[in-house]
**Student:** 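Structure below; questions to follow.
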Amino acid sequence: MPEHYSSIGEAVGAAMQHNIRLAQRSEAPGSDSPLQDRNLPSTSSDLYSVRGMIARLHEDATPDEVAGIIDKVNGALAGALPELTELVAAAADWTRARLDFDDPNLNPAFEIWTRLAAAHGMLRDVREELEAAENGVADCPADRTNPQHHGMVNVLRSRELLDDELGAKTITAPSTARSPDSARQRAARACSPHAGPPPSPGSPPAAAAPPPASRPAGRPR
């Protein structure tokens with residue numbers, strides 16, 4: 001049966017526990033139970049999960065909405081980033097309990113602890129940066145600016161939501177909000193040098209261009 005997790009943190013924790021069991025080799029090879037499918041909750045089931053907040057943080061969100069989402073992610077009590085920071089700290093402490101400096105030429109546990117400690121420090125820096133960003137979101141304009149300025153800064157998001165990849169249902173946006181995909185399409189049309197005027201809502205779709213005429217077969221190319 002598939003395993004269902006109520007949050008991303010719970011799923012990540014279960015995956016880390018499985019990896020730790022494999023690293024310890026407490027059981028004979030081949031005796032470990034087969035991995036089961038892990039089904040994460042859909043974005044529509046929890047608007048305040050990380051994926052749910054990503055779905056709501058589209059380009060037409062208001063500054064108040066963006067600041068609220070950052071606050072939920074970075075909240076000290078139940079924020080996803082503090083939980084992830086504690087998760088990395090727990091992994092580093094697990095490695096710390098296995099340090100052994102008897103052999104100065106071979107100490108893989110210390111190398112892993114160093115990496116986890118560095119990741120923990122970076123996550124703490126990220127929390128500070130998000131706190132500053134949350135305070136500055138209110139100074140951002142509510143409406144999008146001219147698209148000609150957007151090309152000067154790279155897009156950071158590198159992948160779609162898991163729900164988008166699997167074709168599952170996503171959060172239904174309010175009627176006044178526009179979807180991220182339509183916003184990206186409008187921005188692409190606005191930036192394109194060959195883009196024509198946008199079609200009106202009631203106009204019929206443009207007819208497809210006729211296929212190119214076939215080349216006469218009398219003379220080879």
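All values reported here derive from a predicted model rather than from experimental measurement.
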**Student:** Distance check, rounded to the nearest 0.5 Å: Asp71 atom CG versus Glu131 atom CD?
**Tutor:**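 Spacing of CG (Asp71) from CD (Glu131) equals 9.5 Å.
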
**Student:** Going by side chain to side chain contact (heavy atoms under 4.5 Å, CB included), name the residues that satisfy it together with Asp103, two or more places apart in sequence or in a different chain.
**Tutor:**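 Asp103: side chain to side chain contact (heavy atoms under 4.5 Å, CB included) contacts with Asn105, Leu106.
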
**Student:** Begin from the C-alpha positions of Arg98 and Ile112 and carry the test side chain to side chain contact (heavy atoms under 4.5 Å, CB included) through to its verdict.
**Tutor:** CA-CA 11 Å; Arg98 287 151 180 82; Ile112 300 302; over 6 Å; no

**Student:** Please give me the minimum heavy-atom distance between Arg127 and Asn74, naming the atom from each residue.
**Tutor:**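 In this case the closest contact between Arg127 and Asn74 is O-ND2, 3.0 Å.
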
**Student:** CD of Glu59 to CZ of Arg144: how many Å apart, nearest 0.5 Å?
**Tutor:**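 It is 5.0 Å, given to the nearest 0.5 Å.
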
**Student:** Does Met122 share a hydrophobic cluster with Val73, counting links as ILVMFWY side-chain heavy atoms below 4.5 Å and allowing steps through other members?
**Tutor:**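 Shared cluster, no.
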
**Student:** To the closest 0.5 Å, what do you measure between CD (Glu86) and CG (Leu123)?
**Tutor:**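 Between atom CD of Glu86 and atom CG of Leu123 there are 10.5 Å.
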
**Student:** How would you list, by chain and number, every residue that makes a side chain to side chain contact (heavy atoms under 4.5 Å, CB included) with Arg115, sequence neighbours excluded?
**Tutor:**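 Arg115: side chain to side chain contact (heavy atoms under 4.5 Å, CB included) contacts with Glu111.
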
**Student:** Compare every heavy atom of Pro141 with every heavy atom of Pro63, then report the nearest pair and how far apart it is.
**Tutor:**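 Heavy-atom minimum between the residues: CG-O, 4.3 Å.
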
**Student:** Rounded to the nearest 0.5 Å, how far apart are CD of Glu129 and CG of Leu81?
**Tutor:**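 Answer rounded to 0.5 Å: 11.5 Å.
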
**Student:** Who pairs with Asn146 by side chain to side chain contact (heavy atoms under 4.5 Å, CB included), at least two apart in sequence or on another chain?
**Tutor:**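 Counting only residues at least two positions away or on another chain, Asn146 forms a side chain to side chain contact (heavy atoms under 4.5 Å, CB included) with Gln148, His149.
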
**Student:** Quick check for you: to the nearest 0.5 Å, what is the distance between Leu57 atom CG and Ile69 atom CD1?
**Tutor:**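 Separation between the atoms: 4.0 Å.
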
**Student:** In chain order, what residues pass the side chain to side chain contact (heavy atoms under 4.5 Å, CB included) check against Ala80, with sequence neighbours excluded?
**Tutor:**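 By the side chain to side chain contact (heavy atoms under 4.5 Å, CB included) rule, Ala80 matches Val50.
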
**Student:** Looking at every heavy atom in both Asn107 and Asp100, which two are closest together, and how far apart are they?
**Tutor:**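 Where Asn107 meets Asp100 most closely, the heavy atoms are ND2-O, 3.0 Å.
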
**Student:** Does the pair Val155 and His150 meet the rule for a side chain to side chain contact (heavy atoms under 4.5 Å, CB included), with working shown?
**Tutor:** CA-CA 9 Å; Val155 175; His150 305 168; over 6 Å; no

**Student:** Ignoring hydrogens, what is the shortest heavy-atom contact between Pro82 and Gly75? Give both atom names and the distance.
**Tutor:**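 The answer is CG-O, 3.0 Å.
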
**Student:** Kindly compute the distance separating NE2 (His58) from CZ (Arg56), expressed to the nearest 0.5 Å.
**Tutor:**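 Output value for this atom pair is 9.0 Å.
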
**Student:** Compare every heavy atom of Ala92 with every heavy atom of Ala117, then report the nearest pair and how far apart it is.
**Tutor:**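 For Ala117 versus Ala92, the nearest heavy atoms are N-CB, 4.5 Å.
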
**Student:** If you compare all heavy atoms of Val88 against all heavy atoms of Ala119, which two are closest, and at what distance to 0.1 Å?
**Tutor:**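 Heavy-atom minimum between the residues: CG1-CB, 4.1 Å.
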
**Student:** Under a single-linkage rule joining Ile, Leu, Val, Met, Phe, Trp and Tyr whose side-chain heavy atoms are separated by less than 4.5 Å, which residues share a cluster with Phe101?
**Tutor:**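 Taking Ile, Leu, Val, Met, Phe, Trp and Tyr as members, Phe101 shares its hydrophobic cluster with Leu99, Phe110, Trp113.
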
